[in-house]
Structure formats: C-alpha cells, structure tokens
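Notes follow the structure.
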Amino acid sequence: MRYIQQVFCLLLLLIALLTGAVPPSWALVNSSIQPYIDRVESRISEFTLDNGMKFIVMERHQAPIVSFMTYVNIGSAYEQPGKTGAAHFLEHLAFKGTTRIGTTDYRAEKPWLDRLDTLSAQIQSAQVQSGSQANGSRLRQEFEQAKAKASSYVKQNEFGRIVEQAGGVGLNATTSADATRYFYSFPANKLEFWMSLESERFLEPVFREFYEEKNVILEERRMRTDNSPIGKMVEKFLEVALPGNPYGRPVIGSEADIRDLTRADIQQFYQTHYMPSQIVVAIVGDVNPAEVEPMARSYFDRFTPRSPLADLQAAAPAQTAPQEITLKLPTEPWYLEGYQRPAVTHPDHAVYEMIGGLLSGGRTSRLYQGLVEKELALTVEAADGFPGDRYPNLMLLYALTAPGHSVEEVAAALEAEITRLKTEPVAIEELDRLKTQSRAGLLQTLASNEGMASLLPEYEAKTGDWHNLFESLKAIEAVTTEDVQRVANDLFQPKNLTVGKLLSDS
C-alpha cells in the first residue's frame, strides 16, 4: 500500500511538472514522498582517506551500472592573473594518458616533449626581438619536425578506447569557475578497473599533445567568444560587473594568456591545486560500500597529502551606484542586467532560487509571459548564481530583443516585473507551482546515477556536507511569499546593478 501511495504521489508530481498545476493535496504528497527520500539518503555513505581525498558512495542495485564523478574543487577562479585558462586547459588534457597509456614508448617520447617546450620558448622569445624573422622561421620549422616526432609515439585517444572496450560510456569533463569535473560510467563488475584507471590518470599524467590542444582551445574561444557578439558581451560585462574578482575572468581564458601558457604552467597549476584534499569522488550505482573503501584505500592512498592553500579571496566588489557597459557589434540587440547576490551558503539561497524560477522558470514564468508572449523579446532568461555560486556572484537577467523593438522597451518590461516582485506578494498558487517543479526536478535527479554522482560532490564541496542536497528541499518548502518580497527588495537595488547593452552597429 505504501508503495502504491508513493507511485501515486510521484505521478502527481509528474502531472504538476508537465501541466503547471498544483497538486490538489500537497501535504499528503510531501509527507508520502519524504520516506522515499529518507531511504535514498540512507543508502549513501562516505569515507575520507588519510591523505584527505573524500569518497561518497550511493548504493543502488536497479541495474548493474555504476557512475563515477571525480570532482576537483578547483576551477578558473583559482587561476593567477596572466595565466587564465589553465583549469580549462587541464580538462582538455585530462584523458591524454599516462606514462603507460597513450604512448608506444614513453621513454623515447619524453625527450621530444621536452624539446617541444624548449623550442616553443625560443619561438616566443624570437617573436619579441627585432630582426628575428629568419631565426623564428627556422625555429618554427624545427618545432613542427619535433611535434611530428613526438606525435609518432602517441596512441590517439587510447584512454577513451580502453574505457569503451571495457563497456564504459559517457567519458567527459567540464570546467566552471568553481570546479573541474571528470565523469563516466562502467558496468558494475568494472569497479576495480575504474579505480586502477583513475588513480593512474591522476598519479602519472602526461600532458602530451599540449600544442595541438592549444590550437583547439583557441578555435573554441574564437567560436564562442571572439566571433560571437553575445559571447564577447558577456565577457566584457563580467569585467565591469565583477572588477578585480576571480569571477570576472573568462573560464576559457583570454586569447593572450592561452597563447602564452606553457606545459610547465599547466604542470605547476596541476601540482599546486590537484591535491587529494581538493578532490571529492562520487560512486553511484550497483556497488557494495564495504568493498569500495578498501579498494579506494589501496589505489588512492598513494596520493601524497599536501598542506591546503590559503582560502580564495572572492568578496563582492564594492558598488554604490548602477554601472553600465554598451557594445556595438553586428548583431540583433541584447539587454542584460546583473545584480550582486550572496554565495550558495547564504541562508536565503533557496529564496534566490525561487526568485530566479518565478522570473524565468519555463513558459508560465513572469518574464516569458511579460516579454516573449508580448513579442518584446525572442528569448529571456534569469541565470541564478552566475558565473559560479561558491562565492558572491550575480543574478543575471538577459533578453534578445524581438525585431522592431529596442533594448529600452525590454528594460522597461524587466523593470515592471521586478517592481511587481518587490511590491506585490507572490500568489500562494504560483509559489507552490514552482516548489512542485523543484521537487520533481530533485526526484528526477534521485532516479539518475549520473545526476546523483554530479550533485553529491557538488554539495559536499560548496556547502561542506552532501546532506545539504536533501536539506535544500526542506529549504525550498519553507520559502514564503514574505521571503520572496523581502529578498527581492534587498536584491533589486540600483547599488547592486550592472546594465549591459549590446546594440547593432548597422
């Protein structure tokens, strides 16, 4: 009977998510789902190795599959000025192999890798010296020859092939301002194989094909930023909104910094930041926690512990009045507003999430109805926690204007919705609908190995305890209409505001 009741409640959630309706008896739904959530939470265990590396294990036996997430608590915010892009560069080099994987003969390959570094430094030096074109040309020719020689030892994408041949799927990595994540899934009988691969990858990485990947990253930057009007605008916008702040730097790095980065720079960034105490591993799926821990200690205790670095200083920039940036580029006009807001650990974080959802949580949201349906904008979004949320950040509102309309019209419509949030209490039904969507989203995540492997280390790293993933549901449930109005009045102040206008240059 209890199972049938829970299935019924989950169906109510799904119907509510698809239709935007509020379940007719939410108290029953909430109380009936809580035991399910409690059971999910009870299947999660944790342990920390002597070197500081933490493991979170979630036992789920529905299918013989295990998802893995190696969450490195270091993103672009931790880079040094002039060395931007290092964290993202590491993502590109993550699966290039080790001294044994990815090469036919590392002892023969290594001298050529070192020779490439020497020649690259000589080329950079020649470029800043007058009258060095002939010498520079000779060096570049020698560099290409050395690169070809180094490449002759490379076994292209061998790490990926090993994973695939063992039944692994989803091998990938991502970089953000806050963290770098490495993830894939394996059949359940490959748990120790993953331990062997992942520990070797972190213990003996070889950053081969560095110069090839530099060109790939430069092309990625050209596509996403330099040749993208809105990409260029967002980069300039963050520089104005968060001056001198780690969040004000682009995750991909500046073009000049990417070009100047050396393999030694990447190695130093890795050695400085990729310490065991900065790594949280999530293992979710068909595993026995009693087997995971001794295995993990056998493979990952080999990592040398290191003293933690000083905490990153990323306070909100001092601002007393609104600021504005305008760019003219060949594009349709865009309008942006960024409001300074506190970090994810702030007691009102759930309220900020609710405000973001009220403004742009689907087709029933206020900004969609007020701008898109009225044909003032082609698209409009509210990005809560931008570009990261571990430290004070921005609530970013942005819209692409519709043909025949101006950014001033969009700004006026945004202001009207913001004023409404500040002066009119949100209807209980509207807030409950948003809470329903949040609950359904969490339940979808609970049903996914990959989703849980992603969120558990995220909450552990950013809030200090993975249990806060489940506490977040209670925090959302506790949000009141008074909370929304109070936080909206605190957030949407001119002193917190940066405006961006991307105008057509035609």
Any sub-3.5 Å donor-acceptor pair from Thr463's side-chain atoms to Glu460's backbone N or O?
no

Should Arg221 and Glu255 count as an ion pair when the cut-off is N to O under 4.0 Å?
no

Salt bridge (Lys or Arg N to Asp or Glu O under 4.0 Å) between Lys96 and Glu213, intermediate numbers included:
CA-CA 10 Å; Lys96 291 297 182 181; Glu213 286 304 316; 3.0 Å; yes

For Glu142, is there an ion pair with Arg115 - N to carboxylate O distance below 4.0 angstrom?
yes

If only atom types and distance count, is the side chain of Arg390 paired as donor or acceptor with the main-chain N or O of Asp178 below 3.5 Å?
yes

Closest non-hydrogen atom pair between Pro387 and Leu242, with its separation:
CD-CD1, 4.1 Å

Between the main-chain N or O of Ala321 and the side-chain N or O of Gln319, is there a donor-acceptor pair closer than 3.5 Å?
yes

Is Arg297 paired with Glu293 through a side-chain N to carboxylate O contact shorter than 4.0 Å?
yes

Residue that, paired with Phe207, satisfies ring-ring contact (aromatic ring centres under 6.0 Å, His included) out of Phe89, Tyr270, Phe269
Tyr270

We want to know whether Tyr299 and Glu192 form a side-chain donor-acceptor pair, criterion being a heavy-atom distance below 3.5 angstrom.
yes

Scanning both residues in full, the closest heavy-atom pair of Pro229 with Thr331 reads CB-CB, 3.6 Å

Main-chain N/O of Tyr391 paired to Tyr247 side chain as donor or acceptor, under 3.5 Å
yes

Enclosure of Gln80 CD (heavy-atom neighbours >12, cutoff 6.0 Å)
no

Is it true that Asp257 and Lys83 make a salt bridge, defined as a side-chain N closer than 4.0 Å to a carboxylate O?
no

Near-ring test Phe68/Tyr182, centroid separation under 6.0 angstrom:
no

In Å and rounded to the nearest 0.5 Å, what is the OG to CE distance from Ser67 to Met58?
11.0 Å

Rounded to the nearest 0.5 Å, the CZ atom of Phe183 sits from the OG1 atom of Thr174 at a distance of 5.0 Å

Backbone of Thr180 reached by a side-chain donor or acceptor of Thr175 within 3.5 Å
no

Salt bridge (Lys or Arg N to Asp or Glu O under 4.0 Å) assessment of Arg201 paired with Glu198:
CA-CA 5 Å; Arg201 187 171 71 81; Glu198 195 74 347; 2.7 Å; yes

Tell me if the CD atom of Gln268 is crowded by more than 12 foreign heavy atoms within 6.0 Å.
no

Salt bridge present between Arg341 and Asp384 (N-O < 4.0 angstrom):
yes

To the nearest 0.5 Å, atom OG1 of Thr272 lies from atom CD of Gln267 at 10.0 Å

Residue pair Thr498, Gln323: steps toward the side-chain hydrogen bond (donor to acceptor under 3.5 Å, both in side chains) verdict:
CA-CA 5 Å; Thr498 299; Gln323 19 188 38; 3.1 Å; yes

Nearest-0.5 Å distance, CD of residue Glu353 to NE2 of residue His349:
3.5 Å

To the nearest 0.5 Å, what is the distance between CD (Glu235) and CD1 (Ile252)?
9.0 Å

Salt-bridge test for Asp114 and Arg263: reply yes if a basic N is under 4.0 Å from a carboxylate O, no otherwise.
yes

Ion pair present between Lys149 and Glu109, side-chain N to carboxylate O less than 4.0 angstrom?
no

Can you check whether Phe193 and Phe186 have ring centres sitting under 6.0 Å from each other?
yes

Between Lys232 and Asp226, does at least one N-O distance fall below 4.0 Å, as a salt bridge requires?
no

Do any N or O atoms from the side chain of Ser120 and from the backbone of Leu116 form a donor-acceptor pair under 3.5 angstrom?
no

Quick one: OG1 on Thr99 to CZ on Arg107, what's the gap to the nearest 0.5 Å?
11.5 Å

Taking side chain as C-beta onward, heavy atoms only, is Asp117 less than 4.5 Å from Thr262?
no

Is there a donor-acceptor contact under 3.5 Å from the side chain of Asp389 to the main chain of Val344?
no

Minimum side-chain heavy-atom gap Thr103-Val154 below 4.5 Å
no

Between Glu164 and Arg161, does any NZ, NE, NH1 or NH2 come within less than 4.0 Å of an OD or OE carboxylate oxygen?
no

